[in-house]
Amino acid sequence: MSGHWFEDVADHLGSAYLRYSFTKGTRQEVDTLIDLLQLQPGERVLDVGCGPGRHARALAERGFEVVGVDISARFIEIARDGAPDNASFFVGDARDLTFDQEFDAVISLCQGAFGLAGGAGARDVLPQREIDEAILEGMARALKSGGRLGLSAFSAYFQLQYLEDTDTFDAEAGVNHERTVIKSEGGIDQDTDLWTSTFTPRELRLLARTVGLTTESIFSVTPGDYGRYPASIDRPEFLLIARRL
């Protein structure tokens, strides 16, 4: 696969990514996922789009064997620094996963990979729907029989309710383009384009079924406030819980 626009974003952010407020609820999110996915200590978990490794490292600290994959070499460097022995991190492209029935669970959170598939040049590779399907298919393939998936995706309903003046929403692709400023570790500002793919519960359910996953639940969640909240239009993300039969 070709390079991805997020690599430049991650290179500029570095560890400053972890200063953003949405990263501060890691412990609560992981505690909830352990419950929702019925994870047992010692199970193997794959974190797709792991970023600097905050969820993977938190899971490793709780006794899970975790593998984190991210397209950003800079984020993987940060994730590896001081990581527990039972957490390993690799540079990899979510659009081209090669794992085959190796994990008890797969997670992809905070638009870590699944939600960043759109953007500049994306449709030169595959149509948007097919990119999302390919990423989800790779996650499904990585699961053992009976393995569980926990995936967060940005809500199309919420995005359209709170569309900002700097946003441009592509209704055909379901992708929002935002022009914003990001700050580096050294405090240097950079004008940046961000593309976020958005979804409805129905679309997530259909995509899951297409790749051989059975949807168990879809909840509405907020970073730092994961829970069994019914799907609604009032929270920014949906959390898909699914299983490979």
Side-chain angles (χ1 to χ4, degrees), residues 3-26 28-29 49-52 54-55 70-72 74-75 94-95 108-125 127-129 131-132 135 151-204 207 218-227 229-240:
H4 193 279
W5 59 267
F6 188 74
E7 293 175 78
D8 291 337
V9 173
D11 284 346
H12 184 78
L13 283 172
S15 62
Y17 173 88
L18 295 170
R19 299 174 189 165
Y20 282 86
S21 60
F22 68 84
T23 69
K24 303 306 179 184
T26 304
Q28 193 278 339
E29 293 163 6
C50 66
R54 60 191 182 97
H55 294 104
D70 198 273
I71 199 168
S72 166
R74 176 66 181 126
F75 276 175
R95 299 168 294 180
S108 184
L109 306 173
C110 199
Q111 291 78 57
F114 188 68
L116 300 179
R123 289 200 232 179
D124 295 337
V125 181
Q128 180 62 42
R129 161 104 186 207
I131 297 174
D132 300 326
I135 292 173
L151 177 144
S152 71
F154 204 83
S155 164
Y157 305 139
F158 186 91
Q159 180 65 68
L160 290 173
Q161 276 195 102
Y162 299 101
L163 208 62
E164 299 182 2
D165 292 341
T166 55
D167 293 347
T168 303
F169 190 83
D170 182 336
E172 180 184 358
V175 175
N176 188 62
H177 174 214
E178 174 189 0
R179 186 70 175 168
T180 190
V181 176
I182 59 173
K183 195 177 293 289
S184 72
E185 296 164 334
I188 299 172
D189 288 342
Q190 176 176 292
D191 290 330
T192 302
D193 292 290
L194 302 176
W195 289 268
T196 305
S197 301
T198 67
F199 300 87
T200 67
R202 181 175 184 271
E203 184 176 12
L204 291 172
L207 280 169
I218 296 179
F219 301 111
S220 279
V221 297
T222 302
D225 187 17
Y226 280 19
Y229 305 116
S232 72
I233 64 174
D234 301 318
R235 287 177 179 265
E237 298 178 7
F238 293 118
L239 180 63
L240 170 68

Results of salt bridge (charged side-chain N to carboxylate O under 4.0 Å, His left out) for Asp167 - residues two or more places apart only: none
Counterpart residues, salt bridge (charged side-chain N to carboxylate O under 4.0 Å, His left out), relative to Arg19 (two or more places apart): none
Side-chain touch Leu163/Asn176, heavy atoms, less than 4.5 angstrom: yes
Check: Asp170/His177 side-chain N/O donor and acceptor closer than 3.5 Å: no
Rounded distance [0.5 Å steps], CD in Gln161 versus CD1 in Ile233: 4.0 Å
His12: partners by ring pair (Phe, Tyr, Trp, His ring centres under 6.0 Å), with sequence neighbours left out: none
Leu207 vs Phe114 side-chain heavy atoms within contact, under 4.5 Å: yes
Glu29 (side chain) donor-acceptor with Pro223 (main chain) under 3.5 angstrom: no
pair Arg235-Phe219: side-chain heavy atoms closer than 4.5 Å: no
Student check: side-chain heavy atoms of Phe238 and Ser152 closer than 4.5 Å: no
Contacts of type side chain to side chain donor-acceptor pair (under 3.5 Å), residue Ser15, not counting sequence neighbours: Glu185
For the student: nearest non-hydrogen atoms of Ile218 and Pro201, plus distance: CD1-O, 3.4 Å
Approximate separation, where rounding is to 0.5 Å, of Leu239 CG and Tyr226 OH: 6.0 Å
Under 3.5 Å: donor-acceptor pair, side chain of Ser72, backbone of Asp70: no
Min side-chain heavy-atom separation Leu151-Phe199 under 4.5 Å: no
Exercise: do Thr166 and Arg179 side chains pair donor with acceptor under 3.5 Å: no
Salt bridge (charged side-chain N to carboxylate O under 4.0 Å, His left out) involving Asp191 - partner list, sequence neighbours excluded: none
Euclidean distance, Gln159 CD relative to Thr198 OG1, rounded to 0.5 Å: 6.5 Å
Approximate separation, where rounding is to 0.5 Å, of Leu116 CG and Ser108 OG: 8.5 Å
Heavy-atom check, side chain of Ser197 versus side chain of Phe154, under 4.5 Å: no
Side chain to side chain donor-acceptor pair (under 3.5 Å) partners for Lys24, two or more places apart: none
Main-chain N/O of Asp225 paired with Thr222 side-chain donor or acceptor, under 3.5 Å: no
Thr192 OG1 to Phe6 CZ distance, which is reported to the nearest 0.5 Å: 10.5 Å
Shortest non-hydrogen contact between Val9 and Asp193, atoms and distance: CG2-O, 4.5 Å
Gap between atom CD1 of Ile71 and atom CD of Glu7 - 0.5 Å precision: 4.5 Å
Whether Ser220 side chain and Ser232 backbone form a donor-acceptor pair below 3.5 Å: yes
